[in-house]
Amino acid sequence: MKQVTIARHGDASRLTVREVALPEPGPGQLRITVRAAGVNFADILIRRGLYPGAPKLPCVVGHEVSGVVEAVGEGVDPIWIGRAVLALTDYGGYSECHVLDAHRVLPKPDGLDHEHAAALPLNYVTAWVLLVVMGSLRADQTVLIHNAGGGVGLAAIDVARHLGARTIGTASPGKHPFLLSRGLDHAIDYRQDNWQEEFSEVTRGQGVDLVLDPLGPASWQNSLTLLGPAGRLGMFGISQLAAPGLRGKLHLAAAMLTARRFHPARLIRGNRGIFGCNIHQMYDARTRLNTWLGQILRGVGEGWVRPHVDRVFDFESACDAHTYIEERRNTGKVILSMSARDPL
Ligand SMILES: NC(=O)c1ccc[n+]([C@@H]2O[C@H](COP(=O)([O-])OP(=O)(O)OC[C@H]3O[C@@H](n4cnc5c(N)ncnc54)[C@H](OP(=O)(O)O)[C@@H]3O)[C@@H](O)[C@H]2O)c1
């Protein structure tokens with residue numbers, strides 16, 4: 001079977017297809033024929049050597065897949081064979097087949113094709129944890145969603161709307177009409193120097209109850225100033241530091257060294273809360289992850305979870321998929337499709 005592998009850090013051309021032996025499921029495991037794999041910004045950071053805690057090279061990235069169970073290991077009910085499933089993966093999703101523990105898979109909702117199902121796990125779990133589990137957002141509150149046009153951003157709009165909260169989102173301007181059509185209440189171009197004046201007008205100088213910030217240390221400090229009393233800041237990414245090559249590594253090192261610390265006295269005086277979220281670091285907390293994923297799958301049935309697939313690339317064109325995101329062209333999810341392949 002084929003996998004898309006990163007052997008050396010660098011630009012998108014580092015993604016190369018290699019042939020490997022078909023993995024056999026061990027006890028308690030099953031093997032999925034992957035039909036679609038989600039592409040995430042984290043995959044790009046790993047490729048560039050900027051992702052803390054990334055797997056050693058050579059590695060296969062990919063945090064989420066949808067596919068069909070084709071083999072089970074000892075102790076797993078063969079009834080699973082032939083079932084369509086989706087899963088959060090411990091990397092390795094850019095692969096024609098994937099072996100994982102049986103308790104990691106959930107049935108794919110019938111109403112979603114594999115491409116849309118692969119758009120769900122990481123983005124929606126991240127949004128759920130940020131808004132519901134840690135962010136405690138309520139119906140009478142307002143959330144600022146940075147990077148609202150990305151996969152997590154669109155998922156966060158869905159979850160916030162489900163809660164009945166008001167949403168303000170930042171994104172490149174070409175994405176604004178689409179975001180508004182998805183129900184975002186107000187879109188801001190955060191690449192304009194004066195975007196905070198618009199934010200201040202929209203919030204009448206009162207700030208918001210929650211900011212979701214995947215941009216990085218400089219933005220986190222700024223986001224704290226956008227909170228009203230009892231506001232919370234959720235930090236979950238470093239997109240702003242994603243420069244290519246050595247520049248990216250220097251950016252990352254400099255940003256981490258010079259990052260201002262959050263002083264407890266400042267938080268106490270300001271009545272503000274901060275939290276961090278990294279879903280991958282919770283990979284072993286499977287009961288929680290499956291509970292949250294279950295809530296999201298229920299949302300598919302109820303109609304408020306609406307995964308939006310922007311573009312589907314052939315599995316072997318992962319390089320083009322990464323470039324598409326790096327050029328900020330995606331609105332919502334980018335997917336690698338293996339649907340037309342015979343992995344054996
Ligand atoms: N902690 C976690 O568990 C977790 C889980 C999932 C994702 N994340 C993080 O959340 C963020 C979004 O991920 P995603 O997968 O939803 O993104 P995505 O779908 O890949 O979208 C990426 C978007 O980010 C913006 N972008 C691209 N390059 C950028 C740069 N250099 N600086 C700032 N923005 C840039 C662009 O949109 P605009 O220019 O229109 O904004 C781009 O379309 C990433 O930082 C990712 O690492 C964290």
Side-chain angles (χ1 to χ4, degrees), residues 1-4 20 22-40 43 60-129 151 155 279-280 282-303 305-309 312 315 333-344:
M1 67 150 189
K2 288 178 179 166
Q3 291 184 320
V4 174
V20 295
L22 194 64
E24 290 304 326
Q29 294 186 317
L30 44 72
R31 186 172 69 223
I32 304 174
T33 303
V34 177
R35 297 293 188 203
V39 179
N40 287 282
D43 306 341
V60 179
V61 293
H63 286 88
E64 54 198 351
V65 296
S66 177
V68 178
V69 177
E70 57 160 19
V72 296
E74 192 190 317
V76 180
D77 193 335
I79 200 167
W80 278 99
I81 293 175
R83 284 195 181 167
V85 295
L86 54 80
L88 268 176
T89 54
D90 189 16
Y91 304 111
Y94 291 17
S95 200
E96 285 182 317
C97 291
H98 189 72
V99 166
L100 76 176
D101 292 340
H103 56 69
R104 302 258 177 218
V105 303
L106 291 167
K108 178 181 81 61
D110 287 339
L112 293 182
D113 59 22
H114 284 292
E115 283 77 15
H116 285 81
L120 278 180
L122 184 64
N123 289 169
Y124 277 87
V125 164
T126 306
W128 186 263
V129 171
I279 299 300
H280 196 259
M282 283 194 281
Y283 195 71
D284 289 333
R286 72 175 165 95
T287 310
R288 286 179 184 217
L289 284 176
N290 280 358
T291 302
W292 298 329
L293 264 171
Q295 277 153 334
I296 288 154
L297 293 183
R298 266 198 299 284
V300 174
E302 291 162 7
V305 168
R306 307 166 297 161
H308 173 73
V309 174
V312 178
F315 163 66
K333 196 71 192 173
V334 173
I335 293 288
L336 300 181
S337 172
M338 297 80 160
S339 288
R341 293 167 182 277
D342 175 3
L344 306 175

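These figures come from a predicted structure and were not determined experimentally. Any value given below was found using the heavy atoms of this structure, including those in side chains, with hydrogens, waters and symmetry copies removed.
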CG (D77) with more than 12 external heavy atoms under 6.0 Å: yes

Greater than 12 external heavy atoms within 6.0 Å of E74's CD: no

Derivation and outcome, side chain to side chain contact (heavy atoms under 4.5 Å, CB included), residues V34 and F315: CA-CA 10 Å; V34 177; F315 163 66; over 6 Å; no

E70 and R31 ion-paired at < 4.0 Å: yes

Between [X] (side chain only) and [Y] (backbone N and O only), is there a donor and an acceptor less than 3.5 Å apart?
X: T126; Y: I279; value: no
X: E96; Y: K2; value: yes
X: T33; Y: C97; value: no
X: D113; Y: E115; value: yes

Contact summary for [X] and [Y], nearest pair of heavy atoms:
X: V305; Y: I296; value: CG2-O, 3.6 Å
X: P121; Y: L86; value: CG-CD1, 4.1 Å
X: D43; Y: G62; value: OD1-N, 3.8 Å
X: S337; Y: V312; value: CB-CG1, 3.4 Å
X: A118; Y: S66; value: N-CB, 3.8 Å
X: P25; Y: V99; value: CA-CG1, 3.9 Å

Partners passing side-chain hydrogen bond (donor to acceptor under 3.5 Å, both in side chains) against K333 (at least two apart in sequence or in another chain): N40, E64, N123

Derivation and outcome, side chain to side chain contact (heavy atoms under 4.5 Å, CB included), residues Y94 and V39: CA-CA 9 Å; Y94 291 17; V39 179; 3.4 Å; yes

Rounded distance (nearest 0.5 Å) linking atom [atom1] of [X] with atom [atom2] of [Y]:
X: L112; Y: R306; atom1: CG; atom2: CZ; result: 13.0 Å
X: H98; Y: Q3; atom1: NE2; atom2: CD; result: 9.5 Å
X: L293; Y: R286; atom1: CG; atom2: CZ; result: 13.0 Å

Y91 and H280 aromatic ring geometry - parallel, tilted or perpendicular at 30°/60° bounds: tilted

Stepwise side chain to side chain contact (heavy atoms under 4.5 Å, CB included) check, R104 with L88: CA-CA 7 Å; R104 302 258 177 218; L88 268 176; over 6 Å; no

Report yes if some heavy atom in the side chain of [X] is under 4.5 Å from a heavy atom in the side chain of [Y]; otherwise report no.
X: V105; Y: L100; answer: yes
X: S95; Y: M1; answer: yes
X: V309; Y: P307; answer: no
X: L30; Y: V85; answer: no

Set of side chain to side chain contact (heavy atoms under 4.5 Å, CB included) partners for V68, sequence neighbours left out: R35, H114

Residue pairs, two or more places apart or on separate chains, that pass side chain to side chain donor-acceptor pair (under 3.5 Å) and touch residues 290-300: W128-Q295

